[in-house]
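The structure presented is a predicted model; accordingly, all values stated were derived computationally and were not measured. Remember, it's 1-based here, ligands and their atoms both numbered in the order they're listed.
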Amino acid sequence: MKKITKICCIGAGYVGGPTMSVIASQCPEIQVTVVDINEDRIAQWNTEDLDKLPIYEPGLKEIVGKSRGKNLFFSTAVDKAIDEAQMIFISVNTPTKTYGKGKGQAADLKFIELCARNIAKVAKDDKIVVEKSTLPVRTAQAIQNILDNTGNSVKFEILSNPEFLAEGTAIEDLLHADRVLIGGNDTPSGQEAKDALSEVYEHWLPKERILQTNVWSSELSKLVANAFLAQRVSSINTISALCEKTDANIQEISRAIGFDSRIGSKFLNASVGFGGSCFQKDILNLVYIARSYGLQEVADYWEQVIIANDYQKSRFAENIISTLYNTISGKKIVLYGWAFKKDTNDTRESPAISVADALLEERAEIIVYDPKVSAERIYADLDYLGTRPPEENRKLLTVTNDPIKATEAAHAIAILTEWDEFKTYDWEAIYRQMLKPAFVFDGRRLLDTATMEQIGFNYYKIGQS
Ligand code: UDX
Ligand code: UDX
């Protein structure tokens, strides 16, 4: 088997950037080049000041600092990097289609196809092409077809190597992965390719955690893993609604059921809803695939996970409105957090977006604070919904970098992301300067009920009456 000495990754995003940085740092003898068509993004990856990398992930800047310029490169020279590499990762985004067949559900594969065509055009020798993006089942076949019909005699071996890292803990997840999944053809050349990729990971992971499967199993496993995780969150969130009506406490329930080793304790935190680039998209994909095979009941079953999540987000917003005496027009409401979870600047599908949108519909005056998300991003997220003109969004919603001052004369605060810093605020001082009665709606169960009530807040926590 040929030793891998040069890797290229197309797509310098949340997945490609951290994954390649870790590979480079763990495999000093492999040259890793991450390419992207977005010049700004590449320029940001190359900035001198490591605090200005385009992606915020704990531990990332240290790893990039260690390897960049040695065996880790960020570049816009896509063709050159493809040409030189023996192994090419495709890590471009696959958004949900916003048009045509499968609109709102199916994954838009146009970027993947563009990458495949580009590889076909440039390659002069045999390549291993690795799907890193989460894709609908059978995409590898589509890529294979494009690559096999290029007319030159180059041989391509396609592998599926889905990413299981969670944002905010990406570096940890990569360094200490529970498992790495490598799907490939059951042919001698397919086996050789799988082994070549296994060897890359074996630089830092024990062999038994590297699982080889066929391509379809690998692709489908990724969708199913995310669907199961999201299902846990939706399951516990539906029970949080029940707890709010009764004297049961969702945290006590999570703890009680989590002790059952068959259930386990992770992913049982009730919240304002799950977000992120993957959960919703992957379930929609699963639903679309099931439906396209005529499996209506299977599709409906998984779709319910998304319906429950939408319910949780709108329930949270409606509770704010009804608690503030059914009118929030002109009331100042401060949102703490915009990212879909802590320790990331990613806002894709963040519940904060729909909560803010619902409050803006009632003409509240919103102030947003998030330690890592830019004002530009926040406005882009809202404008994308198209609920109202962009000018209106800017008039009703402002973004601040002073979370404490923002609460002066505010009617309410809603916690939408579980940033640790919110726990350290001087909540007594905040209380003093808010209008009374002062309301806090905690969508992340971050603060202590007794303390907040003692200060004088009307404090509402997801999953508690
Ligand atoms: C990833 C995966 O690829 C996606 O399938 C998974 O489900 C979620 O995460 P992510 O890395 O988060 O995507 O996406 P993003 O941060 O948008 O990065 C993708 C990058 O690819 C962008 O920087 C974009 O400019 C680049 N790109 C896109 C190309 O370089 N070429 C293209 O043709 C299209
Ligand atoms: C997820 C998967 O975990 C990862 O394996 C996959 O590769 C990509 O998708 P990510 O979306 O980055 O990762 O974050 P994750 O930690 O899974 O959280 C997803 C959402 O669920 C977040 O909005 C989070 O706040 C929410 N969540 C998670 C809860 O509300 N409660 C929980 O108990 C856990």
Side-chain angles (χ1 to χ4, degrees), residues 9-20 34-42 44-45 54-55 57 74-76 78 81 89-96 107-119 131-136 139 162-170 173-174 177-179 181 221-223 225-237 240 250 254 258 265-283 285 309 312-313 337 339-352 416-418 443-445 462-463:
C9 172
I10 311 178
Y14 282 89
V15 169
T19 308
M20 292 304 127
V34 191
V35 293
D36 202 296
I37 48 173
N38 182 335
E39 286 177 20
D40 282 347
R41 210 162 205 185
I42 290 299
Q44 283 175 295
W45 279 110
I55 282 159
E57 270 298 339
F74 295 92
S75 158
T76 51
V78 182
F89 287 79
I90 302 184
S91 188
V92 296
N93 41 332
T94 51
T96 303
D108 192 337
L109 298 180
K110 75 171 175 236
F111 298 136
I112 299 283
E113 189 174 333
L114 279 173
C115 286
R117 290 190 187 283
N118 201 22
I119 295 169
E131 307 177 335
K132 199 73 191 152
S133 307
T134 311
L135 298 167
T139 306
E163 190 47 74
F164 293 104
L165 63 82
E167 287 170 32
T169 51
D173 294 348
L174 284 161
D178 287 342
R179 53 37 178 117
L181 200 54
S221 295
K222 173 62 190 277
L223 298 186
N226 276 342
F228 269 61
L229 290 170
Q231 182 191 39
R232 280 175 77 93
V233 178
S234 272
S235 297
I236 203 72
N237 280 345
S240 76
I250 196 66
S254 292
S265 61
K266 291 179 181 158
F267 265 70
L268 288 178
N269 291 325
S271 67
V272 56
F274 62 73
S277 70
C278 288
F279 279 6
Q280 168 146 331
K281 182 176 63 135
D282 290 353
I283 294 174
N285 254 309
N309 195 46
Q312 188 75 349
K313 292 184 276 187
F340 81 98
K341 62 192 269 196
K342 73 171 178 177
D343 291 339
T344 177
N345 61 346
D346 193 352
T347 66
R348 286 176 287 181
E349 307 295 341
S350 177
L416 298 176
T417 312
E418 72 281 23
R444 295 292 182 162
R445 302 185 50 83
I462 284 273

- Starting from the C-alpha separation in whole Å, work towards a yes-or-no answer on side chain to side chain contact (heavy atoms under 4.5 Å, CB included) for Glu349 and Phe279. CA-CA 9 Å; Glu349 307 295 341; Phe279 279 6; over 6 Å; no
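Set against the non-hydrogen atoms of Leu268, the atoms of ligand 2 under 4.0 Å away are 33 (O). Applying the 4.0 Å criterion to heavy atoms of Ala166 picks out, from ligand 2, the atoms 3 (O), 12 (O), 13 (O), 14 (O), 16 (O). Listed by number with element, the atoms of ligand 2 under 4.0 Å from a non-hydrogen atom of Ser271 are 29 (C), 30 (O). Atom numbering of ligand 2 starts at 1 in the shown order; those under 4.0 Å from a heavy atom of Leu229 are 3 (O). If you number the atoms of ligand 2 from 1 as listed, the ones under 4.0 Å from a heavy atom of Val233 come out as 27 (N), 28 (C), 29 (C), 30 (O), 31 (N), 32 (C), 34 (C). Within ligand 2, counting atoms from 1 as listed, the ones closer than 4.0 Å to a heavy atom of Lys341 are 12 (O), 14 (O), 15 (P), 16 (O), 25 (O).
A salt bridge between Lys342 and Glu418 is absent, with no side-chain N of the basic residue lying under 4.0 Å from a carboxylate O of the acidic one. Using a 4.0 Å cut-off between a side-chain N of Lys or Arg and a carboxylate O of Asp or Glu, Lys222 and Glu131 do not qualify as a salt bridge.
Here's the thing with Gly275: one of its N/O atoms is less than 3.5 angstrom from an N/O atom of ligand 2. For ligand 2, the polar-atom distance check against Glu418 finds no nitrogen or oxygen pair separated by under 3.5 Å.
Using a 4.5 Å heavy-atom threshold, the side chains of Ser271 and Asn237 count as touching. Counting only heavy atoms from C-beta outward, the side chains of Glu163 and Leu174 approach each other to under 4.5 Å. For the pair Ile119 and Ile10, the minimum side-chain heavy-atom distance is below 4.5 Å.
Residue Leu109 is tested with Leu114, Val92, Thr94 for a side chain to side chain contact (heavy atoms under 4.5 Å, CB included); the sole match is Thr94.
Put simply, part of Arg444 is less than 4.0 Å from ligand 2, judged by heavy atoms.
Between the NZ atom of Lys132 and the OG1 atom of Thr19 there is a distance of 5.5 Å, given to the nearest 0.5 Å. Atom CD1 of Ile283 sits about 11.0 Å away from atom SG of Cys278, to the nearest 0.5 Å.
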Which pairs of nitrogen or oxygen atoms, taken one from ligand 1 and one from the protein, are under 3.5 angstrom apart?
{"residue": "ligand 1", "atom": "3 (O)", "partner": "Val92", "partner atom": "O", "Å": "2.9"}
{"residue": "ligand 1", "atom": "3 (O)", "partner": "Ser133", "partner atom": "OG", "Å": "3.1"}
{"residue": "ligand 1", "atom": "5 (O)", "partner": "Thr94", "partner atom": "OG1", "Å": "3.0"}
{"residue": "ligand 1", "atom": "5 (O)", "partner": "Thr134", "partner atom": "N", "Å": "2.9"}
{"residue": "ligand 1", "atom": "5 (O)", "partner": "Lys281", "partner atom": "NZ", "Å": "3.4"}
{"residue": "ligand 1", "atom": "7 (O)", "partner": "Thr134", "partner atom": "OG1", "Å": "3.1"}
{"residue": "ligand 1", "atom": "7 (O)", "partner": "Lys281", "partner atom": "NZ", "Å": "2.7"}
{"residue": "ligand 1", "atom": "11 (O)", "partner": "Tyr14", "partner atom": "N", "Å": "3.0"}
{"residue": "ligand 1", "atom": "11 (O)", "partner": "Val15", "partner atom": "N", "Å": "2.9"}
{"residue": "ligand 1", "atom": "12 (O)", "partner": "Arg348", "partner atom": "NH1", "Å": "3.2"}
{"residue": "ligand 1", "atom": "12 (O)", "partner": "Arg348", "partner atom": "NH2", "Å": "2.6"}
{"residue": "ligand 1", "atom": "14 (O)", "partner": "Arg348", "partner atom": "NH1", "Å": "3.4"}
{"residue": "ligand 1", "atom": "16 (O)", "partner": "Tyr14", "partner atom": "N", "Å": "3.2"}
{"residue": "ligand 1", "atom": "16 (O)", "partner": "Arg41", "partner atom": "NH1", "Å": "3.3"}
{"residue": "ligand 1", "atom": "16 (O)", "partner": "Arg41", "partner atom": "NH2", "Å": "3.3"}
{"residue": "ligand 1", "atom": "18 (O)", "partner": "Arg41", "partner atom": "NH1", "Å": "3.4"}
{"residue": "ligand 1", "atom": "23 (O)", "partner": "Asp36", "partner atom": "OD1", "Å": "3.3"}
{"residue": "ligand 1", "atom": "23 (O)", "partner": "Asp36", "partner atom": "OD2", "Å": "2.6"}
{"residue": "ligand 1", "atom": "23 (O)", "partner": "Arg41", "partner atom": "NH1", "Å": "2.6"}
{"residue": "ligand 1", "atom": "25 (O)", "partner": "Asp36", "partner atom": "OD1", "Å": "2.5"}
{"residue": "ligand 1", "atom": "30 (O)", "partner": "Asp36", "partner atom": "OD1", "Å": "3.4"}
{"residue": "ligand 1", "atom": "30 (O)", "partner": "Ile37", "partner atom": "N", "Å": "3.1"}

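In this structure, Phe267 has no ring-ring contact (aromatic ring centres under 6.0 Å, His included) partners at least two apart in sequence or on a different chain.
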